[in-house]
Amino acid sequence: MIESSTALFARRRRARFALAAAVVLELGCTGRRVATSDSPAVDFATMPDPTERRGPSSADGVEAVLAAARDTLGVSSPRLDGDAVPTDCSGYLHALYKRAHFDLFSEARPGDNGVRAIVRWVQRYGHLHRAQLAAPGDLVFFDNSYDRNGDGRLNDRLTHAGLVEQVLPDGTLLIVHATNHGIVREPMNLFRPREATDASGRAINAPLRRKGTGDGPKTPHLMSELFAGFGRVFQRAESLAGRAPPDP
């Protein structure tokens with residue numbers, strides 16, 4: 001079948017935009033850039049409605065993403081299916097979700113960093129929510145993980161992102177994310193956001209922001225303190241967000 005001129009133009013336009021977006025997003029969440037695009041209003045306050053049919057539904061997709069994350073754990077230069085995986089936080093997530101045939105960068109605008117681009121995708125196709133629990137396969141976003149604009153203030157939105165891999169019985173979430181020392185799995189517990197360990201000494205909130213000489217006594221450093229919200233990608237019959245963890 002001969003492709004129409006309109007379809008050919010649209011396909012070429014998408015390809016050019018994808019290339020431009022790849023250049024813009026190259027630094028992912030580690031680049032110190034000031035976005036030139038209009039920043040979307042980000043509302044993490046709304047809980048996902050389990051009755052609303054929005055976004056793709058695929059248990060196999062969740063497992064594909066989680067399996068890819070586990071295959072790269074502990075690796076400083078990860079590869080999936082023979083392809084090198086980016087080691088900035090957003091490029092890493094983009095590579096994971098490609099295993100479920102989702103392009104998390106497809107809604108990017110010029111000037112976006114990778115995390116902002118992913119948030120745009122979730123705003124259009126999924127759900128942004130802020131609660132104490134999430135589900136495996138959900139995205140998690142953070143603010144102020146580093147001083148992106150270099151002004152010494154806590155005003156840097158959406159600087160890091162990761163993947164919820166597991167939910168433990170006490171409500172601790174295990175987050176897989178890309179760091180400057182490789183791909184790691186680290187805990188975050190939003191029921192006890194100011195505590196690095198529990199009574200037994202087990203880590204429940206990993207540090208995310210490096211301590212700097214200019215940090216004040218109230219500068220947040222734990223993942224739980226820098227938490228911005230979750231992004232739900234996959235449809236679910238029932239939402240875990242907002243539930244209290246079982247009694248210990």
Side-chain angles (χ1 to χ4, degrees), residues 25 28-30 35 37-50 52 54-55 62 65 69 88-90 92-94 96-97 102 104-105 107-109 112-146 148 154-168 171-179 185-194 204-209 220-236 238-245:
L25 297 172
C29 54
T30 60
S37 59
D38 294 333
S39 296
V42 180
D43 181 6
F44 288 104
T46 303
M47 294 291 298
D49 180 353
E52 183 181 353
R54 185 181 182 193
V62 174
V65 170
D88 65 283
C89 69
S90 57
Y92 174 66
L93 293 175
H94 180 251
L96 294 184
Y97 280 86
F102 301 150
L104 297 184
F105 286 167
E107 295 300 313
R109 297 181 186 177
D112 282 348
N113 71 357
V115 179
R116 176 68 71 178
I118 292 174
V119 166
R120 289 188 193 276
W121 190 96
V122 178
Q123 283 180 304
R124 179 163 185 177
Y125 298 110
H127 291 278
L128 295 173
H129 65 97
R130 183 178 172 88
Q132 292 170 304
L133 282 178
D138 285 355
L139 296 159
V140 57
F141 301 103
F142 301 92
D143 295 332
N144 298 303
S145 59
Y146 69 105
R148 180 169 54 198
L154 295 172
N155 57 4
D156 301 287
R157 297 293 309 278
L158 300 175
T159 55
H160 192 67
L163 169 73
V164 178
E165 187 218 0
Q166 294 182 50
V167 183
L168 301 183
T172 298
L173 306 176
L174 298 186
I175 309 299
V176 175
H177 61 128
T179 70
R185 176 199 284 129
E186 295 184 308
M188 179 179 74
N189 188 312
L190 297 173
F191 292 93
R192 303 164 71 177
R194 302 289 184 265
I204 58 173
N205 281 304
L208 181 60
R209 181 186 175 105
H221 296 98
L222 300 177
M223 295 180 81
S224 50
E225 296 175 312
L226 301 168
F227 167 73
F230 295 111
R232 175 139 308 165
V233 174
F234 301 97
Q235 287 184 14
R236 301 180 191 281
E238 185 178 2
S239 174
L240 288 175
R243 289 183 181 177

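Note that the structure is a prediction, hence the values are computed from the model and not measured. Note that these values count all heavy atoms, side chains included, but never hydrogens, waters or copies made by symmetry.
Going from atom CG of L208 over to atom CD of E186 covers 7.5 Å, rounded to the nearest 0.5 Å. Rounding to the nearest 0.5 angstrom, the gap separating the CG atom in L163 from the CG atom in L139 is 7.0 Å. Note: E165 CD to R185 CZ = 4.0 Å, rounded to the nearest 0.5 Å. Atom CG in L96 sits 9.0 Å away from atom CG in L104 (nearest 0.5 Å). Between the OG1 atom in T172 and the CZ atom in R192 there is a gap of 7.5 Å [rounded to 0.5 Å]. Expressed to the nearest 0.5 Å, how far CG of D138 lies from CZ of R232 amounts to 4.0 Å.
Taking each heavy atom of R120 and E107 in turn, the nearest pair found is CD-O, 3.3 Å. Across all their heavy atoms, A161 and H177 have their closest contact at O-CB, 3.9 Å. Nearest heavy atom pair, residue H127 against residue V122, reads O-CG1, 3.3 Å.
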Problem - Criterion side-chain contact (heavy atoms from CB on, under 4.5 Å) on Q123 and L128, from CA distance to verdict - result: CA-CA 6 Å; Q123 283 180 304; L128 295 173; 3.3 Å; yes
Exercise for the section: Show your working on side-chain contact (heavy atoms from CB on, under 4.5 Å) between L226 and H160 and close with a plain yes or no. Expected result: CA-CA 9 Å; L226 301 168; H160 192 67; over 6 Å; no
Practice task
Just do the side-chain contact (heavy atoms from CB on, under 4.5 Å) check on L173 and V140 with the steps written out, would you?
Solution key: CA-CA 10 Å; L173 306 176; V140 57; over 6 Å; no
Problem - Worked check of side-chain contact (heavy atoms from CB on, under 4.5 Å) between C89 and V115 - result: CA-CA 8 Å; C89 69; V115 179; 3.8 Å; yes
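R116 places no side-chain N or O within 3.5 Å of a backbone atom of R109 that could act as its donor or acceptor partner. N189 places no side-chain N or O within donor-acceptor distance of the main-chain N or O of N205, the cut-off being under 3.5 Å. No donor-acceptor pair closer than 3.5 Å links the side chain of S224 to the backbone N or O of L190. Distance alone, capped at 3.5 Å, is enough to place a donor-acceptor pair between the N144 side chain and the D156 backbone. T159 places a side-chain N or O within 3.5 Å of a backbone atom of S145 that can act as its donor or acceptor partner.
Side-chain contact between Y92 and V176 is present, with at least one heavy-atom pair separated by less than 4.5 Å. A heavy-atom distance below 4.5 Å is found between the side chains of F191 and L133. Looking at heavy atoms from C-beta onward, F105 lies out of side-chain contact with D112 at the 4.5 angstrom threshold. Counting only heavy atoms from C-beta outward, the side chains of L154 and R209 approach each other to under 4.5 Å.
Relative orientation of the F102 and Y97 rings is parallel, given thresholds of 30° and 60° on the angle between their planes. The aromatic rings of F227 and F142 sit perpendicular to each other, their planes meeting at more than 60°, with 30° as the lower class boundary.
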